[in-house]
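Take a look at the structure below.
The first residue of the sequence shown is numbered 1, and numbering continues consecutively from there.
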Amino acid sequence: MKNYCCFFLFFIVFWTFPLTYHAEDTLQSRIDKAPEHGVVKLPSGVYNETIVLSKPVTLEGVGQVTIRSCSKKPVITIQGQQVTLRHVNVEQCSNGKDTEAIYVTGKHHRLENVHIRTKQFGIKLDQTSNTVIEGVSVKGEQKGNGIDLWESDWNIIHDVRMDQVRDGIYMENSHSNQITQNDIRHSRYGIHIMFSDHITVKNNVLRDNITGAMVMGTKGTKIEKNELIFNNRNINAQGLLLYEASETEAARNKISYNRVGVYAESAENNRILANEIRGNFIGIQFKNANANTVSDNAFIGNVIEAQAIKSSENAIAHNYWDASLKLDTTGSGMSAIPYRADPFFLRLTNDVPEYQLFFQAPGMIVLQKLLKSPDNEVMTDEAPLMKAATYDGQMHASSKMLLGAVSVSMLAGSISLFMIGRKRR
């Protein structure tokens with residue numbers, strides 16, 4: 001009789017509650033029940049499931065919220081229009097090839113304060129437009145791209161932090177996107193642009209990658225006020241790589257401590273303006289690159305300033321070269337002595353790497369004068385600058401404050417000495 005009663009109670013509980021409990025317990029069911037333009041708020045916890053957001057809705061974490069999955073499906077799929085995802089952690093623990101943590105298609109979506117750990121891809125934008133990704137972080141295992149765009153136009157990627165991904169931001173056949181104020185490290189290419197036009201790359205830090213930015217097959221792109229630094233972990237490492245790019249402008253960037261600062265190949269009608277190119281093994285290198293403009297840059301402390309191979313009709317003018325002889329006879333701020341950036345030492349060390357020990361040795365300088373490089377390998381600046389500006393063309397606010405503080409201190413010190421001198425009298 002006792003066993004019969006237990007069975008009866010179990011039957012009642014199972015029949016009455018399980019379906020309702022299960023439906024209310026799944027994250028997907030809560031999303032499905034939310035009205036259009038509604039907000040689904042998630043309390044702190046770990047949600048082990050994959051979800052699909054396919055209508056205008058906001059999914060917002062309150063506290064520490066983690067959505068996690070080890071399946072081959074995306075942890076979160078976003079479709080349609082006007083989906084907002086904010087304040088959540090996303091973990092994709094699948095080893096499946098080309099698996100992404102977040103898959104996005106459609107338009108007018110927004111991802112804010114989303115933190116991703118993935119074994120493959122972070123965020124995939126597939127035919128997505130007018131979408132904003134802001135305040136996001138992606139930590140990977142160098143197997144997939146951090147943010148991958150395919151046929152996705154007019155998107156904004158802002159204030160994103162990435163580490164240990166294959167390519168930080170990769171875009172292909174994706175036009176008019178804005179890439180601003182991101183920090184990308186320990187990747188193959190920090191930013192990788194393929195056959196995408198009118199891209200804005202501004203105020204990013206691309207550091208400790210193999211190549212800071214690889215720009216290929218693009219037209220009308222602007223690369224401005226970025227820091228492309230310490231990209232030197234590979235023999236083919238560069239700060240900025242322009243390949244088959246045209247009508248593209250790289251201006252006011254800090255391009256420092258890379259193996260090659262700027263490398264341009266099969267690139268035409270581009271402008272490289274007012275950059276600080278410092279401490280690279282090779283400052284700037286052209287190969288089959290024609291009709292480009294290199295002007296108002298500062299070349300400081302590079303082992304080899306410049307090299308041009310099979311490149312012609314490039315306008316090299318008004319750059320600062322710290323290795324040049326300088327003589328201003330007119331007060332114009334430009335030297336009357338042209339500067340020839342001879343790659344003699346580079347050609348020599350390519351044949352015998354041990355000769356790097358003799359860099360800037362007096363005998364090596366004499367040999368360079370005697371054995372001049374062919375004209376097609378020498379960049380010549382007919383009117384180099386006498387002084388170098390900062391890489392953004394103006395003094396930074398912090399420098400101004402420091403200079404002001406020093407001036408005030410000096411003035412105060414002078415007044416004190418003057419007063420002491422008067423008292424002693």
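Judged purely by distance below 3.5 Å, without hydrogens or angles, the side chains of H115 and N113 pair a donor atom with an acceptor atom.
Screening residues 62-168 for disulfide bond (SG atoms under 2.5 Å apart) gives C70-C93 as the qualifying pairs, with residues at least two apart or on separate chains.
Classification of the Y257-F230 ring pair by plane angle, with boundaries at 30° and 60°, yields parallel.
Panel note: side chain N145, backbone D167; a donor-acceptor pair is recorded below 3.5 Å. One N or O on the side chain of D381 and one on the backbone of N319 form a donor-acceptor pair closer than 3.5 Å. Side-chain atoms of Q92 come within 3.5 Å of backbone N or O of S94 as a donor-acceptor pair.
Between the CZ atom in R259 and the CD atom in Q285 there is a gap of 7.5 Å [rounded to 0.5 Å].
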Requested in this report: Go through the steps for R278 and E276 under the test salt bridge (charged side-chain N to carboxylate O under 4.0 Å, His left out), then give the verdict.
Outcome: CA-CA 6 Å; R278 178 191 294 268; E276 180 185 292; 3.2 Å; yes

For residues 36-48, dump all side-chain donor-acceptor pairs below 3.5 Å to protein atoms at least two apart in sequence or in another chain.
{"from": "S44", "atom 1": "OG", "to": "V62", "atom 2": "O", "distance (Å)": "3.3"}
{"from": "S44", "atom 1": "OG", "to": "Q64", "atom 2": "N", "distance (Å)": "3.0"}
{"from": "Y47", "atom 1": "OH", "to": "P43", "atom 2": "O", "distance (Å)": "2.9"}

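Residues Q238 and N258 form no side-chain contact, since every pair of their non-hydrogen atoms from C-beta on lies 4.5 Å or further apart.
Here D183 pairs with R185 in a salt bridge; the nearest charged N to carboxylate O distance falls below 4.0 Å.
Counting heavy-atom neighbours within 6.0 Å of K55 NZ, excluding the residue itself, gives a total above 12.
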